[in-house]
Amino acid sequence: LNEAGNEVDRETAETDLATSLEISAMKESSAIRGYLLTGEEKMLVRDEQGKREIRQAIDNLAPLVKSQEGKRMYAEIQRTYEVFRAAADREIQFRREGKMKEALDVMSTQTAPAFQALDDATGAFTDHLTKTKAQVDQTQNTEVANGKILILGLCAAGMVLGLVVALMISQSITGATARMVMMIQELAANDLSITDLEITSHDEMGRASMALNEMKNNLHGVIRSIAD
């Protein structure tokens, strides 16, 4: 259960980072579009912020990706981001140099398609994580259900064992009590020739049986001495 819980935590962290990738990429793209339209350098502050965030998300995501399919998708995100970033930097450089036509050409033929490829890669990765997390959740639920069944089975087995032990003890006490009652009845009928009770334990019932045997034998001895 602990392993399943840890796997759920890992999948959740992966999903959060994948979402952060998408948001950061959108931040970069919108900042670059804003700079292309206005030429204001302050728009690039947002671009740099998005760049730092997406780099951090990519670095944090690396040790969390375990499956081969996930690693393939992660590599595709890295590749498409590098292509997008290279095109975006060319677009920014042309805009800074006042080459609006070249900047627009790079935007339409390189930056926009590269961003679309990056968006597709991050979206596919997010979908993959969602499906994987659903499978992990199902596995965890199955393990929890199996654990409950095991606990209930052990409880039932314990109850049955307890009943069997109680029944054996009850039968033992009942049998010993019946033999003692039979001896007392024989003694009451002045029959001292009865066989001693068999001592099978040293508990209260065993000591009571020994006391009855001793009393019977003492009576038998007294009667014999009087007769002599």
Side-chain angles (χ1 to χ4, degrees), residues 2-141:
N2 288 336
E3 290 182 3
N6 291 336
E7 185 66 14
V8 169
D9 291 341
R10 186 184 66 79
E11 293 287 349
T12 300
E14 274 189 305
T15 303
D16 291 342
L17 287 171
T19 302
S20 178
L21 282 174
E22 292 181 302
I23 294 173
S24 299
M26 287 295 297
K27 184 182 291 185
E28 286 187 58
S29 179
S30 62
I32 294 168
R33 296 289 78 73
Y35 178 69
L36 181 65
L37 293 173
T38 65
E40 296 181 359
E41 288 288 331
K42 65 180 182 180
M43 297 299 299
L44 297 182
V45 174
R46 181 177 174 84
D47 176 47
E48 288 297 324
Q49 182 182 9
K51 189 189 301 185
R52 287 193 301 272
E53 290 175 356
I54 201 168
R55 292 288 187 188
Q56 184 178 8
I58 288 175
D59 290 342
N60 292 339
L61 189 58
L64 296 176
V65 181
K66 301 298 182 182
S67 68
Q68 291 301 317
E69 181 64 11
K71 290 179 180 179
R72 184 193 67 76
M73 291 182 170
Y74 172 77
E76 180 64 10
I77 289 174
Q78 287 182 301
R79 186 193 69 78
T80 54
Y81 177 70
E82 294 302 330
V83 173
F84 164 72
R85 193 63 246 178
D89 289 340
R90 284 194 295 273
E91 181 182 331
I92 291 171
Q93 185 60 36
F94 279 134
R95 183 65 178 87
R96 277 179 175 156
E97 295 172 355
K99 300 178 181 179
M100 192 65 175
K101 180 178 181 300
E102 289 83 349
L104 289 172
D105 182 62
V106 171
M107 185 270 292
S108 61
T109 61
Q110 298 180 35
T111 310
F115 177 78
Q116 185 60 53
L118 174 61
D119 187 59
D120 291 342
T122 54
F125 185 64
T126 300
D127 291 342
H128 167 71
L129 293 179
T130 300
K131 293 177 182 177
T132 303
K133 187 174 184 298
Q135 293 174 351
V136 172
D137 289 341
Q138 183 177 4
T139 300
Q140 186 180 33
N141 291 336

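In this text, all values refer to a predicted model and were calculated from it rather than measured experimentally. If you read the sequence from its start, that first residue is 1, and numbering goes on from there.
When all heavy atoms of Met73 and Ala124 are compared, the pair lying nearest together is SD-O, 3.8 Å. Shortest non-hydrogen contact noted between Ser24 and Gly50 is CB-O, 3.7 Å. Residues Phe125 and Val65 approach most closely at CZ-CG2, 4.0 Å, considering heavy atoms. The heavy-atom pair separating Ile58 from Tyr74 by the smallest distance is O-OH, 2.8 Å. Lys51 approaches Asp89 most closely through the heavy-atom pair NZ-OD1, 4.4 Å. Contact record, Thr38 with Arg95: C-NH2, 3.8 Å, taken as the closest heavy-atom pair.
Using a 4.5 Å heavy-atom threshold, the side chains of Phe115 and Met107 count as separate. Counting heavy atoms from C-beta on, the side chains of Ser67 and His128 come closer than 4.5 Å. You'll find the side chain of Lys101 stays beyond 4.5 Å of the side chain of Phe94, heavy atoms only. Between Ile32 and Phe84 there is a side-chain heavy-atom pair separated by less than 4.5 Å.
The environment of Glu82 atom CD is dense: over 12 non-hydrogen atoms of other residues, nucleotides or ligands sit within 6.0 angstrom. The environment of CE in Met43 is crowded: more than 12 heavy-atom neighbours from other residues, nucleotides or ligands sit within 6.0 Å.
In this structure, the separation between CG on Asp105 and CE on Met100 is 12.5 Å, given to the nearest 0.5 Å. Distance check: Leu61 CG to Thr15 OG1 gives 9.5 Å after rounding to the nearest 0.5 Å. Of the inter-residue distances, the one linking Arg52 atom CZ with Glu28 atom CD reads 10.5 Å to the nearest 0.5 angstrom. Note that the CG atom of Leu64 and the CD atom of Glu14 stand 5.5 Å from one another [nearest 0.5 Å]. Atom-to-atom distance recorded for Asp47:CG and Arg85:CZ is 4.0 Å, nearest 0.5 angstrom. Separating the CG atom in Leu17 from the OG1 atom in Thr12 is a distance of 11.0 Å, to the nearest 0.5 Å.
At a cut-off of 3.5 Å, with distance as the only test, a side-chain donor of Gln116 or Asp120 sits close to an acceptor on the other residue.
A salt bridge links Glu41 with Arg96; the closest basic N to acidic carboxylate O contact falls under 4.0 Å. A salt bridge links Glu91 with Arg33; the closest basic N to acidic carboxylate O contact falls under 4.0 Å.
At distances below 3.5 Å, at least one donor-acceptor pair connects side-chain atoms of Thr126 with backbone N or O atoms of Thr122. Put simply, the side chain of Thr80 gets close to the backbone of Ile77: a donor and an acceptor are under 3.5 Å apart.
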